[in-house]
Amino acid sequence: DQQVKQNSPSLSVQEGRISILNCDYTNSMFDYFLWYKKYPAEGPTFLISISSIKDKNEDGRFTVFLNKSAKHLSLHIVPSQPGDSAVYFCAARVSGGSARQLTFGSGTQLTVLP
Amino acid sequence: NAGVTQTPKFRILKIGQSMTLQCTQDMNHNYMYWYRQDPGMGLKLIYYSVGAGITDKGEVPNGYNVSRSTTEDFPLRLELAAPSQTSVYFCASSYSTESYEQYFGPGTRLTVT
């Protein structure tokens with residue numbers, strides 16, 4: 001049972017436009033959400049996070065939105081750049097866990113076309 | 001700082017062989033993790049450690065063993081390799097504070113034939 005779902009395996013966007021990556025979750029006990037970015041032959045790198053007590057967090061071109069009632073979060077990248085082409089993973093943490101364990105989605109391959 | 005390093009980068013094993021995947025971090029992180037990523041899937045937690053001498057199972061521990069004798073090192077052992085263990089393996093570490101960010105190594109691509 002996938003507790004964190006990224007239903008779009010891939011997304012293509014023109015350079016300069018907005019990229020919107022979506023993530024849905026089923027576990028109401030998740031209290032912290034993260035986005036990771038992964039280039040080929042490299043490990044994932046942390047991009048941005050949001051606590052469940054917030055509905056938006058912004059960092060430069062990246063903004064994460066959280067809709068707790070819909071159990072949905074999204075990552076907006078504005079403007080998109082060719083260097084943003086990568087696989088993006090959504091991850092979530094259960095509240096009360098002591099080991100900082102994360103549950104990951106299956107990822108979305110973003111391609112930004114020049 | 002080198003961050004999280006993993007060796008080897010690639011390995012081909014025959015069924016039934018054993019090997020150890022090495023992971024070292026130089027950030028003095030207490031928490032360390034091993035994940036596997038199968039094609040088209042997310043990362044699944046194999047084992048984790050909250051400090052030297054303390055390890056615990058994750059979501060998919062069968063066929064693997066770990067040890068944590070030092071803060072820096074967290075090796076993953078495959079005793080009897082099976083084709084189902086063909087995957088990319090990532091080691092990660094994190095601070096023992098309220099930060100949930102994990103730092104990942106570059107991965108080991110393992111093929112069992």
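Within every chain, numbering begins at 1; the chains are lettered A, B, ... in the order of the sequence lines, protein sequences first and strands thereafter.
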Next item on the list: Please look at B:Leu45 and chain A and tell me whether the side chain, the backbone, both or neither of the residue comes under 4.5 angstrom of a heavy atom of that chain.
Entry: side chain

Check: Which value, rounded to the nearest 0.5 Å, describes the distance between A:Ile48 atom CD1 and B:Glu101 atom CD?
Finding: 11.5 Å

Notebook entry, point to check: Is there a path of hydrophobic side-chain contacts, each under 4.5 Å between heavy atoms of I, L, V, M, F, W or Y residues, that connects A:Leu11 with A:Tyr88?
Noted result: yes

Next item on the list: Determine the option with the most heavy-atom pairs under 4.5 angstrom with chain B, choosing from A:Ser49, A:Ser106, A:Gly107.
Entry: A:Ser106

Next item on the list: Check whether more than 12 heavy atoms from other residues, nucleotides or ligands sit under 6.0 Å from atom CZ of B:Arg77, and answer yes or no.
Entry: yes

Notebook entry, point to check: Counting heavy atoms not belonging to B:Ile12, are there more than 12 under 6.0 Å from its CD1?
Noted result: no

Notebook entry, point to check: With only heavy atoms counted, which part of A:Pro9 is less than 4.5 Å from chain B, the side chain, the backbone, both or neither?
Noted result: neither

Next item on the list: Establish whether B:Met41 and A:Tyr39 are linked, either directly or via other cluster members, by ILVMFWY side-chain heavy-atom contacts under 4.5 Å.
Entry: no

Margin query: Going by side-chain contact (heavy atoms from CB on, under 4.5 Å), B:Gln102 matches just one of A:Leu102, A:Thr45, A:Leu34. Which one?
Written below: A:Leu102

Note to self: Do A:Tyr36 and A:Ile20 sit in one hydrophobic cluster, given that two such residues count as connected whenever their side-chain heavy atoms are within less than 4.5 Å of each other, even indirectly?
What the structure shows: no

Note to self: Does any backbone or side-chain atom of A:Ala91 lie under 4.5 Å from a heavy atom of chain B? Answer side chain, backbone, both or neither.
What the structure shows: neither

Next item on the list: May I ask you to test the B:Gln37-A:Phe89 pair for a side-chain heavy-atom distance under 4.5 Å?
Entry: yes

Margin query: A side-chain contact here means heavy atoms from C-beta on lying under 4.5 Å apart; do A:Phe46 and B:Phe104 qualify?
Written below: no

Check: Is there a path from B:Ile46 to B:Tyr35 through hydrophobic residues (I, L, V, M, F, W, Y) whose side chains come within less than 4.5 Å of each other?
Finding: no

Margin query: Would a single hydrophobic cluster contain both B:Tyr48 and B:Tyr64, if residues Ile, Leu, Val, Met, Phe, Trp and Tyr are joined by side-chain heavy-atom contacts under 4.5 Å?
Written below: no

Checklist line | Test item: A:Lys38 and B:Phe90 side chains (from C-beta on) under 4.5 Å apart, heavy atoms | finding: yes

